[in-house]
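Quick note on labels: first sequence line is chain A, next is B, and so on, each numbered from 1. All values reported here derive from a predicted model rather than from experimental measurement.
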Amino acid sequence: MGIKIYNTLTKRVEAFEPLEPGHVKMYVCGPTVYDYFHIGNARPFIVFDVVRRWFEYRGYRVTFVQNITDVDDKIINRAAAEGVSPQAIAERYTQAYWEDLERLGVLPANYQPKATEWIPKMVEFVQKLIDKGYAYVLEGGDVYFRVRKFEGYGKLSGKSLEELEAGARVEVDERKEDPLDFALWKAAKPGEPKWPAPWGEGRPGWHLECSVMAMGLLGETLDIHGGGQDLIFPHHENEIAQSEAATGKPFVRYWMHNGLLKYQGEKMSKSLGNFEYARDVVERYGKEAVRYFYLSKHYRTPVNFTHEAMEDARRAVERVYHLLEELDQELDRRDGHTAELNVEKLTKRGRTYLAYLERAKREFEEHMDDDFNTAAALGVLFELVKEANVFRQDVAEEDLPLLKRTFELIRELGAPLGLFQESPWRQAHGEVQAQLVELLIEVRKELRRKREYELADRIRARLRELGIELKDKGEETVWSYASTGAGVEGG
RNA sequence: GGCGGCGUCGCCAAGUGGUAAGGCAGGGGCCUGCAAAGCCCUCAUACCCCGGUUCGAUUCCGGGCGCCGCCUCCA
């Protein structure tokens, strides 16, 4: 039935058809590298990471571009404040950006172009707009885009020129032909980074880079362009104007915008000062809790950040890992890892359960296809966890392959969400350590047999302090790495 | 003021024209030497309010109220 997407441009959910069959070309606005990104900034990174993974899950080839804005007022200001070069700031935070994405489990984009590496292309692009009469040069060397000349300005944000004019704030630059016009090129000021251009040295305006790099890497018409809702106006509106003015072709076919993160009821924002760095939140709750936190909501709705919610998310993720661990160890105990699934041999109960597994998978996929409804999909996944927990209580020998199938299915469905792929078990921490733990379990088993509970409990308590959790099941004991703090993440 | 979004259990959050998934928290029980995990039972009868359409609306329409975002750099 295919993937459906809510398109900001049409304000409707539409069936997705890529321009080139089987190949999705998507672009998402990346960071301005002047600081670590905050937990709110992490939302689009995670959301579009999942969009990308879902297309791949569905068999599409995806070319995903995410830019890095490494020349900008904020970088220049920060550099001045620290007394270092803008380049040094940009390099430092570009590096940090990559590190943080990795910590969030976000797959790297296929292309991560830096604005400073595309300046000549941008200059060409501006020249083209000037030649076509869509842009004009002011005396000092600033170049502006002539908004009124572009028919359809406002189609993305739903704004009319009249409204915009009425709402226009006091305009600093009186030399502009029209208050609505926006900067394509900023003339160099003393001490600022600058590049040569036919109309004078300077640097590109913010909107310009996205258009130039997106079209440079993906072609004149993109399938998908994404970003936060706060970018709809003016950023994306301006991108459309300049791109379509230059090429005469539709710039983007599906515009996707994620909702924003609130913090204590207000928008989380650097300028308001009410934010927490993504890296700190990941450190505290683990990457999967952060991903779960976002994915348990629809990507277009606003969400409120609280530590309670992060803690809940952490526990929810833990619940799934507990099941995986139980399944794995049950398979170990009963030599079930190699058993082949053969429907003929299953018990009646097993067949019913298998049918359920298949239905769950289908429902999960349908929800994901429906405008990436990760919240509903996760609902299906947790229902599966529940059913699996019931099923595994009493499994006939013939049905053992279903335990394996359950384990695999959770991994399979978790993969496009970037969840449940970790190994919180022994292999994540090395064989020797695992054998040591098992040795202690052996000793403790003996102690319990002798009813020397005091010592047995001390072993359990001390291991707990080391992040290793023991759970007794009658005579046997299963163990896992505890997930408080960084535990589940393999810490 | 203009544009857009949102208002579902204590908290988070899907969803549907025929009385509502899931997670977290809570209560009772089973299991256990104890614990942890798990299981079973329980946990929305005004789905913001008021009208309307309908045999029937939380779901559609209209009007309110409240909250949020954008209109300025911002994911």
Practice task
Using only heavy-atom distances, determine whether the side chains of A:Thr374 and A:Tyr294 contain a donor-acceptor pair under 3.5 Å.
Solution key: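 Per modelled atom types, A:Thr374 and A:Tyr294 side chains form no pair under 3.5 Å.
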Handout entry: A:Tyr263 side chain to A:Glu276 side chain, donor-acceptor N/O pair below 3.5 angstrom
Key =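 Distance-only check passes for A:Tyr263 and A:Glu276.
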Say you pick atom [atom1] in [N] and the same atom in [M]; how far apart are they, in whole Å?
N	M	atom1	answer
B:A14	B:G66	C1'	23 Å
B:G29	B:C67	P	44 Å
B:U16	B:C41	C1'	27 Å
B:G23	B:U19	C1'	24 Å
B:C30	B:A37	C1'	14 Å
B:A20	B:U45	C1'	11 Å
B:C12	B:C48	P	14 Å
B:A57	B:G15	C1'	14 Å

At less than 4.0 Å, is any side-chain N or O atom of [X] found next to OP1 or OP2 of [N]? Yes or no.
X	N	value
A:Thr301	B:A14	yes
A:Asn304	B:C12	no
A:Asn389	B:G38	no

Exercise for the section: Report the residue (A:Gly158 or A:Tyr294) whose heavy-atom-nearest nucleotide on RNA chain B is the more 5′ of the two. Expected result: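 This one resolves to A:Gly158.
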Handout entry: Closest-nucleotide 5' rank along RNA chain B - winner of A:His236 and A:Lys159
Key =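 Its nearest nucleotide lies further toward 5', so the answer is A:Lys159.
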Practice task
Classify the side chain of A:Asn373 and the base of B:G15 as holding, or not holding, a donor-acceptor pair under 3.5 Å.
Solution key: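 A donor-acceptor contact between them is absent.
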Handout entry: Distance-only donor-acceptor test (3.5 Å): side chain A:Arg460, base B:A35
Key =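 Looking at the base of B:A35, it does pair with a donor or acceptor on the side chain of A:Arg460 (distance under 3.5 Å).
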Within 45° of the six-membered ring axis of [Y] and under 6.0 Å from that ring's centre, is NZ or CZ of [X] located there?
X	Y	answer
A:Arg43	A:Tyr299	no
A:Lys297	A:Phe293	yes
A:Arg411	A:Phe420	no
A:Lys159	A:Phe233	yes

Taking [atom1] from [X] and [atom2] from [N], how many angstroms apart are they, rounded to a whole number?
X	N	atom1	atom2	value
A:Lys471	B:A37	NZ	C1'	5 Å
A:Arg464	B:A37	CZ	C1'	12 Å
A:His298	B:A14	NE2	C1'	11 Å
A:Leu295	B:C12	CG	C1'	14 Å
A:Asp181	B:U72	CG	C1'	16 Å
A:Leu381	B:A13	CG	C1'	15 Å
A:Glu366	B:G15	CD	P	14 Å
A:Ile75	B:C73	CD1	P	16 Å

Hunt down the Watson-Crick or G-U wobble partner of [N], both distances under 3.5 Å, from any strand shown, or write none.
N	answer
B:C39	B:G29
B:C3	B:G69
B:A57	none
B:C24	B:G10

Residue [X], side-chain atoms from C-beta onward, closest of [options]:
X	options	answer
A:Lys262	B:C12, B:C68, B:C39	B:C68
A:Pro234	B:U72, B:C39, B:G38	B:U72
A:Gln393	B:G5, B:A75, B:G38	B:G38

Charged N to carboxylate O below 4.0 Å: is that the case for [X] and [Y]?
X	Y	answer
A:Glu469	A:Arg460	no
A:Arg444	A:Asp472	yes
A:Asp49	A:Arg291	yes
A:Asp100	A:Arg279	yes
A:Asp181	A:Arg148	no

Practice task
Name all residues meeting the ring-ring contact (aromatic ring centres under 6.0 Å, His included) criterion together with A:Phe55; count only those two or more places apart in sequence or in a different chain, and write none if there are none.
Solution key: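 Here the qualifying residues are A:Phe16, A:Tyr60, A:Phe372.
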Problem - Footprint string (nucleotides 20-25 of chain B, 5' to 3'): B base within contact, S backbone only, - free, heavy atoms under 4.0 Å - result: -BSBSS
Fill in the blank from the handout: Residues of residues 37-47 of chain A with a heavy atom under 4.0 Å from any atom of RNA chain B, listed by number, are A:His38, A:Gly40, A:Asn41, A:Pro44
Applying a 4.0 Å non-hydrogen cut-off, can you work out what [X] is touching in the nucleic acid: base, sugar-phosphate, or nothing?
X	result
A:Arg448	base
A:Leu260	base
A:Leu323	nothing
A:Arg78	nothing

